[in-house]
There are 2 protein chains.
Amino acid sequence: MCPAADPSAAAPAPPRTAVTRESVLDAALTLFAERGYHGTPLSEIAAALGIRTPSLYNHMGSKQDLLETILTRTLDDVLDGFADAVDGLGTPAEKLHAATRVYALRHATHRREALVVNRDAGGLDEPDRSRIRDRRREHERAVRAIIADGVRAGEFQVGDPALASFAILEMSVSIARWFRDDGPRTAAQVADEFAGYALRIVRYRP
Amino acid sequence: MCPAADPSAAAPAPPRTAVTRESVLDAALTLFAERGYHGTPLSEIAAALGIRTPSLYNHMGSKQDLLETILTRTLDDVLDGFADAVDGLGTPAEKLHAATRVYALRHATHRREALVVNRDAGGLDEPDRSRIRDRRREHERAVRAIIADGVRAGEFQVGDPALASFAILEMSVSIARWFRDDGPRTAAQVADEFAGYALRIVRYRP
DNA sequence: CCTACCGATCGGTAGG
DNA sequence: CCTACCGATCGGTAGG
């Protein structure tokens, strides 16, 4: 209707910095997070980088490969972050607090990655889809185990550790959907608050 | 690679019941929830109904119209459910418990609708996108107001009602992502448990 | 409800 | 990094 003012040409000025595999992944990450994997044509990724679509193939194997790389890296970071956060901690309460804090913080500081994981993981072809899904379950199971430990130790009171872990994990994931860098709260403030919510959900009383 | 065993032909047998606007909307809802709006071609909706793609236009204006109808109905139901649930209740704790319960229950029993709202609301064109977004904010504000009331009344203890309401709402939304009808818990059990979590998050002590 | 068909756009390739 | 181009598929229309 109005081709002179195309609203999908979101990138205002093609930056003439060097295009690398990393800059392609970064542009793809931004656009996948905004419009979804299926809603993002390669032509828009190219336009954001100031190059033509076929030139993207100097930096990637395929559009799927872009998604797969983004998801694999993101899940690796989440699992590493979890391991680092709980390492050396003693009680289930300490572990649950630290695990929730780092998970919540990650979702405030890596919003694009979280949005793509939650929206487009199903867009992968097998066997990558199963691999990614198993990685997510690994993290879920680890958090559930902490809660179950806390229940056994008499530290927590929940009817079902699986339900509580879903609630804690998913409220943290949602931070990616509403957090703004220029908002009234810092990422660290939100993460601390949510870590506190996690302990409340499992009825931990210090 | 293997055209004889096309995995995207998910509908096994085209049911030869009457195709209506409602059955088109239902098939679209199932497929949008599974693959996303942009990931679902009209040809698959038609195939699920056992008709050809152009025949869909006897029951709809456009693909966008399908999405818009699904989202509008869903948001209407959420707001109506909220109003009915808190109507006549007295204390903030009663209201928050009832509002969370009905919201959680809805996400367990209307999983497809919830997945489409959360994934594809951005796929709408203006002005529908803004209208839908405003409806969601209306619900958020109402829940936040209950929490703020509870804090003022000394019933709840939270640093920031906005943060607590996001946590409560979004953990409930997530039910749509993992709940299974054939799982170990009924929708009502999950809803009751989550309503309890909501009161824990705001530190309500009966 | 169908067949026949449209222009546009998709991801991707050839060949420099 | 480009132009030129590919077959496939998209949402949608014409005309019965």
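Given the structure is predicted, the values throughout are model-derived calculations rather than measurements. Per chain, numbering begins at 1; letters A, B, ... match sequence-line order.
Side-chain contact between A:Ile168 and A:Ile147 is present, with heavy atoms from C-beta onward closer than 4.5 Å. Within the 4.5 Å cutoff, side-chain heavy atoms of A:Ile45 are placed close to those of A:Leu66.
Between the CG atom of A:Leu56 and the C1' atom of C:dA14 there is a distance of 17 Å, given to the nearest Å. We find that CD1 of A:Ile45 is positioned 17 Å from P of C:dT9, with the value rounded to whole Å. Here the C1' atom of nucleotide D:dC2 and the CG atom of A:Leu49 are 16 Å apart, to the nearest Å. If you measure from atom CD1 of B:Ile51 to atom P of C:dC2, you get 6 Å, rounded to the nearest angstrom. Here D:dC1 presents its C1' atom at 14 Å from CE of A:Met60, a figure rounded to the nearest Å. Distance, B:Asp65 CG to D:dG11 P: 14 Å, rounded to whole Å. Rounding to whole angstrom units, CD of residue B:Gln64 and C1' of D:dG12 are separated by 13 Å. Regarding A:Tyr57, its OH atom lies at a distance of 4 Å from the P atom of C:dG12, rounded to whole Å.
Of the candidates C:dG12, C:dT3, C:dC1, C:dT3 carries the atom nearest the B:Arg52 side chain, counting heavy atoms from C-beta on. Taking every side-chain heavy atom of B:Val19 into account, C:dC1 is the closest of C:dC1, D:dT13, C:dA14. Here D:dG11 is the nucleotide among D:dT3, C:dC1, D:dG11 with the atom lying nearest to any side-chain atom of B:Lys63. Among the nucleotides D:dC1, C:dG12, C:dC1, the one closest to the side chain of A:His59 is D:dC1. Comparing D:dG12, C:dG11, D:dA4 by their nearest atom to the side chain of A:Leu42 picks out C:dG11. Taking only side-chain atoms of A:Ser55, from C-beta outward, the nucleotide of C:dC1, D:dC1, D:dG12 with the closest atom is D:dC1. For A:Ser43, counting side-chain heavy atoms from C-beta on, the closest listed nucleotide (D:dC2, C:dC1, C:dC10) is C:dC10. Ranking D:dG12, D:dT3, C:dC10 by closeness to the A:Pro41 side chain, first place goes to C:dC10.
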Next on the checklist: side chain to side chain donor-acceptor pair (under 3.5 Å) for B:Arg106 and B:Ser172? Distances and angles first, verdict last.
Outcome noted: CA-CA 9 Å; B:Arg106 206 185 189 281; B:Ser172 303; over 6 Å; no
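Remark: D:dG16 base-pairs with C:dC1; criterion is Watson-Crick or G-U wobble with both hydrogen-bond distances under 3.5 Å.
A donor-acceptor pair under 3.5 Å is formed between the side chain of B:Gln189 and the backbone N or O of B:Thr186. Here the side chain of B:Tyr103 pairs no donor or acceptor atom with the backbone of B:Leu169 at under 3.5 angstrom.
Taking for each of A:Asn58 and A:Thr53 the nucleotide of DNA chain C with the nearest heavy atom, the 5'-most of the two is the partner of A:Thr53.
A:His38 comes within contact range of no nucleotide atom at all, as no heavy-atom separation falls under 4.0 Å.
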